[in-house]
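Notes follow once the structure below has been shown.
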Amino acid sequence: MKTRKDPNSPLYLCDHPRPVTRRQLLGQGFIGGLGMVMAPTLLGMLGNRTANAQTFVCQIRAGAGLVPFICLDLAGGANIAGSNVLVGGPGGQLDLLTAEGYSKLGLPSSMTPGNVNQVNTEFGLAFHADSAFLRGMQSKTSTTTRANVNGTIFCARSDNDTGNNPHNPMYGIAKCGANGSLVTLVGTDPSDSGGNSAAPMAQIDPTVRPTKVDSASDATGLVDTGKLVSLLNQTQAGQVAKAAEDITALKLQKIAEDPNLEELVHCGYVQTTDLISKFGNPDVVNPNLDTDIVGTGTSIFTAADMNQSRIQKTAAVMKLVINGYAGAGTVENGGYDYHDSTRATGEDRDFQAGQMMGAMLEYAARKATPLMLYVITDGALSSNGMIDNSAGGRGKGQWTGDNSDTAATFVLVYSPTGRPAMTTATAHQIGYYRPTAAVETAATPIANNVTLLAEAVILNYLALHNRVGDFASVLPMNGLGSTLDPLVAFAPIV
């Protein structure tokens, strides 16, 4: 009689080889035995799930129902103030600067906002009438959408050409309670903030670090339900997962185990069942299959648009955030260090950014969902007054150098119930500029402190929810102090 050399080697029946074919397995009872053990139990559970399972409280991921938040990060130091969003003195956006100041902001004397037809307020916030941001936004939005938007500009310095500005408020938005049914935060860059600019160090929470998403495949990749859904339809897969959940609960009742471990095991099955039931078909998060985004004559983007990486990442992030699959997201777009002694390059880049902003606002409108859109950039730039009279330059001042003194960021808020109200008549502008177009650094606490600027954005996010009183508990180590009203631009919308 032969002995096995290895105790783990397979057992062989006398005079029979190792079973490898279906017939051999059937002959030795292996497949039949599986059917006898599994079929009655699993099918019975599918038909009659009346087990007296132990009660566990399992956390099912769900969106928090807060206003979706997207940060558009224009890497390189774009122009925001003056030639795009109007800025002025202490009296607000239309408290005019000097001709020298507007020239520094790229506007010749014939195009300053004091002239006729040089101001556009379709989005509530005042833009220069020939702003490239504005033209891009108009190309992707309906007049109805524009009528339900309002905004504010923050007059605040930041450093040029660096990702070290702690501009990105994403973690603070999560601390407010923003959450998604799939993930808390997403971003198009594999960085701690999800974008180019950093997040304030004190706000960073590694447990909700943004998941990188910059394409449709990244969006659908957030959902992994294994092969069960490919073998069955989504309903059947959900039933099988629920059956496994119930069987596990029965088994847990029969063993003496630590209650915390039992809850951990059981809740793992519960959460998997929920994931399969909601996202067994990953097409639900695919922007390429959403006809509001692309695919019809009335979609926001054309097929040609979707061939561009900036549009792909815009579509992926807005799909996840606005539908509540993610609580907040960052879209980074490079190429905004455009002081090349022309105006044409900057106009083209700014128009592209405007298209991205407009698409986000329009998609929110089509989904009847509010949206807070925050636009940041690292530093800014200025003009020496020389005019670019090319078709692309549009008769405006050439961008000739970095200039952090002309920096700004801004917020646009969409509400499906009507244009959001502002807290005061001048709340479209927080802080102000000196007559010669430099941020007045003594105007507000945020004017020369990027970390406090990010905190002010979080404060305004809370204001949209009528939760300004929660600010100190959301950011207990904040540096804004107790005098918050001058930094709150928006009245509640929810």
Side-chain angles (χ1 to χ4, degrees), residues 66-75 77-78 80-81 85 151-160 162-178 184-187 189 191-206 208-210 321 327-332 372-380 404 407-413 429-431 439 441 443-465 467-468 470-484 486-490:
L66 303 188
V67 174
F69 182 96
I70 299 177
C71 177
L72 178 58
D73 187 344
L74 304 177
I80 288 178
V85 184
T152 192
I153 184 168
F154 296 96
C155 303
R157 297 178 76 257
S158 60
D159 291 336
N160 296 312
T162 177
N164 293 328
N165 291 300
H167 267 308
N168 196 309
M170 204 61 53
Y171 290 99
I173 298 299
K175 289 179 186 293
C176 293
T184 302
L185 302 176
V186 294
D189 276 17
S191 64
D192 286 337
S193 67
N196 174 63
S197 289
M201 185 63 66
Q203 295 176 23
I204 292 176
D205 178 359
V208 293
R209 189 178 189 271
V321 174
T330 297
V331 178
E332 182 272 337
M372 184 173 184
L373 170 61
Y374 182 42
V375 183
I376 62 176
T377 191
D378 45 311
S404 60
T409 64
F410 70 101
V411 168
L412 294 172
V413 175
Q429 177 177 290
I430 304 296
V439 172
T441 55
T444 65
I446 70 175
N448 199 29
N449 189 313
V450 181
T451 295
L452 298 188
L453 171 61
E455 291 179 0
V457 175
I458 296 163
L459 174 65
N460 277 273
Y461 183 75
L462 288 169
L464 294 176
H465 301 85
R467 292 175 52 199
V468 169
D470 293 342
F471 181 67
S473 59
V474 170
L475 296 180
M477 302 298 291
N478 78 82
L480 295 183
S482 58
T483 308
L484 300 176
L487 299 175
V488 177
F490 297 97

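Between Phe154 and Tyr374, the two ring planes are perpendicular [angle over 60°; tilted spans 30° to 60°].
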Would you list the atom pairs, donor with acceptor, under 3.5 Å between side chains in residues 452-459 and any protein atom, with sequence neighbours excluded?
residue: Glu455; atom: OE1; partner: Gly479; partner atom: N; Å: 2.9

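No side-chain heavy atom of Arg209 sits less than 4.5 Å from a side-chain heavy atom of Leu185.
By the side chain to side chain contact (heavy atoms under 4.5 Å, CB included) test, Ser193 is found to be paired with Asn168, Ser191, Ala199, residues two or more places apart in sequence or in another chain being considered. For Asn164, the side chain to side chain contact (heavy atoms under 4.5 Å, CB included) partners two or more places apart in sequence, or in a different chain, are Thr162.
No donor-acceptor pair under 3.5 Å is formed between the side chain of Asn165 and the backbone N or O of Asp378. Remark: side-chain polar atoms of Asn448 are not paired, donor with acceptor, to backbone N or O of Thr441 under 3.5 angstrom. Panel note: side chain Asn478, backbone Ser473; no donor-acceptor pair is recorded below 3.5 Å.
Taking every heavy atom of both residues into account, Ser404 and Ser158 meet most closely at CB-O, 3.0 Å. Leu462 and Asp470 make their closest contact through CD1-C, 4.3 Å (heavy atoms, listed as atom of the first residue, atom of the second, distance). Here the shortest heavy-atom pairing between Glu332 and Gly195 reads CB-CA, 4.1 Å.
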May I have the step-by-step check of side-chain contact (heavy atoms from CB on, under 4.5 Å) for Tyr461 and Val411, ending in yes or no? CA-CA 10 Å; Tyr461 183 75; Val411 168; over 6 Å; no
I would like to know whether Ile80 and Ile153 meet side-chain contact (heavy atoms from CB on, under 4.5 Å); could you show each step before the answer? CA-CA 9 Å; Ile80 288 178; Ile153 184 168; 4.1 Å; yes
Set out, in order, the CA-CA distance, both residues' side-chain angles and the distance that settles side-chain contact (heavy atoms from CB on, under 4.5 Å) for Val375 and Thr377, then state yes or no. CA-CA 7 Å; Val375 183; Thr377 191; over 6 Å; no
Given the rule in the side-chain contact (heavy atoms from CB on, under 4.5 Å) test, do Thr330 and Asp189 qualify, once you have shown the distances and angles that lead to the verdict? CA-CA 8 Å; Thr330 297; Asp189 276 17; over 6 Å; no
